[in-house]
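So the structure is just underneath, and the comments pick up after that.
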Amino acid sequence: MTQTVKLILEDGTSIEGESFGAFTSAAGEVVFSTAMTGYPENLTDPSFAGQILVLTTPMVGNYGVPGEDLYESISKIFESDKIHIAGLVVTYYSEEHSHWNAAKSLGDWLKEYNIPGICGVDTRMLTKKLREKGAMLGKIVAEDDVPLHDPNLDNLVAQVSPAGIRHYGSGQHKIVLVDCGTKTNIIRCFLERDVELIRVPWDYDFTTLDYDGLFLSNGPGDPKMCEATIQHLQKALQQDKPIFGICLGSQLMGLAAGGDTFKLKYGHRSHNQPVKLTGTQHCYITSQNHGFAVDTATLPAEWDMLFENLNDGTCEGIKHKTKPFFSTQFHPEAAGGPQDTEFLFDDFLKSVVEYKNR
């Protein structure tokens, strides 16, 4: 028996569809992703916290959801230990799934975490509206109505960051990972490269620790909410130890350096964003998930834009002119997505070695 639900946007648009997942109401920011695969990774990405995700690929759920498998106490498959989206919007939900490692259906998985889904929606029309007007607040309404809510007014990073310190690996390079909502594949990429990883909460004063390199993770929401992280990072920028930031980490580095950030009209969420290495003709296809970006016009003179988005010209990373500090707005670890830029982890660790050998 099908149950009817509605997707209601802040501009008054009301779209009726069928419920899958949990039959419940939820509010958030409605955003879209053009990725054709990778919904198990996307839904568990903490950067999607507070958002109602519209998937533009026509059919979703056909390969189900894999079972959990652990490596060094972290998932081999998912990007965190739970679903983070507020709701899911698709055109066609496949009731039947088939894949060699599928353990459950997408609908059953959503029910486990009480996340609503709505199908039968013209996602092409909806995506065109979001592109024209920008990301909008919205809600999926089942039996009980809920008010609209802007998740960007919340400190989403504080909601998704772990409460304590965690240690991984026993390699020769000691890296501090500031967890603002890190994707698990970032940890996997480091553990494959002979490091000792110290994972600390977003507001932890990592300047009190002994480390060889500092890594700033991705995460959800407005970077300006992370005042404690920015203050600690300002101290680290006074030193010479290598620093690498991804996504929200790039925005935090820009703010700590003295620059500003701004909210993109509808964000970058896909597996096919083209970026160019500044000053070269080298281009890469990248995986992205973010709604804010660094305003390069506000950066101090000792900082440059490292990568540029070829679709809209926005900043895709920054670097210091003399110190080993750099960041990317895209995801070099790319789960899901292309692995064209995973070499940046090697570049970071090379700078760590050079620093230690000075």
Side-chain angles (χ1 to χ4, degrees), residues 1-7 15-26 28 30-71 74-127 138 140-143 183-185 188 269-272 287-289 331 333-339:
M1 177 181 175
T2 61
Q3 295 174 297
T4 300
V5 292
K6 289 183 178 180
L7 172 67
I15 303 170
E16 192 171 280
E18 294 182 1
S19 170
F20 73 101
F23 186 67
T24 187
S25 301
V30 183
V31 301
F32 67 89
S33 172
T34 60
M36 296 182 66
T37 60
Y39 58 78
E41 294 90 345
N42 284 345
L43 270 57
T44 53
D45 180 352
S47 295
F48 276 119
Q51 296 181 328
I52 296 175
L53 178 60
V54 180
L55 297 179
T56 63
T57 190
M59 182 170 64
V60 177
N62 54 309
Y63 59 87
V65 177
E68 182 61 282
D69 193 7
L70 297 180
Y71 159 71
I74 60 173
S75 175
K76 283 186 178 180
I77 299 169
F78 303 116
E79 293 308 299
S80 70
D81 58 3
K82 69 175 186 178
I83 297 177
H84 285 278
I85 62 168
L88 186 62
V89 183
V90 304
T91 295
Y92 177 78
Y93 168 63
S94 178
E95 295 282 354
E96 297 183 3
H97 62 273
S98 178
H99 195 273
W100 68 268
N101 70 343
K104 66 190 73 172
S105 71
L106 174 58
D108 287 343
W109 191 40
L110 290 173
K111 287 178 183 177
E112 287 180 25
Y113 292 94
N114 199 36
I115 306 296
I118 177 173
C119 61
V121 174
D122 183 349
T123 55
R124 179 179 174 82
M125 174 277 295
L126 181 57
T127 300
I140 296 175
V141 179
E143 292 179 314
K183 291 175 63 182
T184 307
N185 201 40
R188 298 186 205 110
R269 297 175 183 88
S270 67
H271 295 166
N272 59 353
S287 175
Q288 301 195 17
N289 175 19
H331 285 272
E333 83 289 348
Q339 299 176 331

What's the spacing between [X] [atom1] and [Y] [atom2] if we round to 0.5 Å?
X: Asp45; Y: Ile83; atom1: CG; atom2: CD1; answer: 12.5 Å
X: Asp81; Y: Thr44; atom1: CG; atom2: OG1; answer: 9.5 Å
X: Lys6; Y: Ile15; atom1: NZ; atom2: CD1; answer: 11.5 Å
X: Arg269; Y: Ser47; atom1: CZ; atom2: OG; answer: 9.5 Å
X: Asn114; Y: Thr24; atom1: CG; atom2: OG1; answer: 5.0 Å
X: Gln3; Y: Ile118; atom1: CD; atom2: CD1; answer: 12.5 Å

Looking only at heavy atoms, what is the nearest atom pair of [X] and [Y], with distance?
X: Ile77; Y: Pro66; result: CG2-CG, 3.5 Å
X: Glu79; Y: Asn185; result: OE1-N, 3.1 Å
X: Thr34; Y: Ser270; result: OG1-CB, 2.9 Å
X: Phe48; Y: Leu53; result: CE2-CD1, 3.6 Å
X: His331; Y: Gln288; result: CD2-CA, 4.2 Å
X: Ala86; Y: Ala26; result: O-CB, 3.4 Å

So, the side chain of Ser287 versus the backbone of Gly336: is there a donor-acceptor pair under 3.5 Å, distance only?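 Side chain of Ser287 to backbone of Gly336: a pair is present.
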Is the backbone of Ser75 close enough, under 3.5 Å, to the side chain of Arg188 for a donor and an acceptor to pair up by distance?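 A pair under 3.5 Å: yes.
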Please work out which of the three classes, parallel, tilted or perpendicular, describes the rings of Tyr39 and Tyr63, given edges at 30° and 60°.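 Ring orientation of Tyr63 relative to Tyr39: parallel.
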Which is it for Leu126 and Leu7 under the side chain to side chain contact (heavy atoms under 4.5 Å, CB included) test, yes or no, and what are the steps along the way? CA-CA 10 Å; Leu126 181 57; Leu7 172 67; 3.7 Å; yes
Ignoring hydrogens and geometry beyond distance, is a side-chain donor-acceptor pair present between Thr123 and Thr91 at under 3.5 Å?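 Thr123 vs Thr91: donor-acceptor pair found between side chains.
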Does the ring centre of Phe78 sit less than 6.0 Å away from the ring centre of Trp109?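 Yes, the ring centres sit under 6.0 Å apart.
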[X] versus [Y]: any side-chain heavy-atom pair under 4.5 Å?
X: Leu110; Y: Leu43; value: yes
X: Ile85; Y: Gln51; value: no
X: His97; Y: Leu106; value: no
X: His271; Y: Asn42; value: yes
X: Phe20; Y: Val90; value: yes

Criterion side-chain contact (heavy atoms from CB on, under 4.5 Å) against Val89, the qualifying member of Leu55, Val121, Thr127: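 Only match with Val89 under side-chain contact (heavy atoms from CB on, under 4.5 Å): Val121.
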Counting only heavy atoms from other residues, nucleotides and ligands, does the tally under 6.0 Å from CD of Glu112 exceed 12?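 Check passes, neighbour count above 12.
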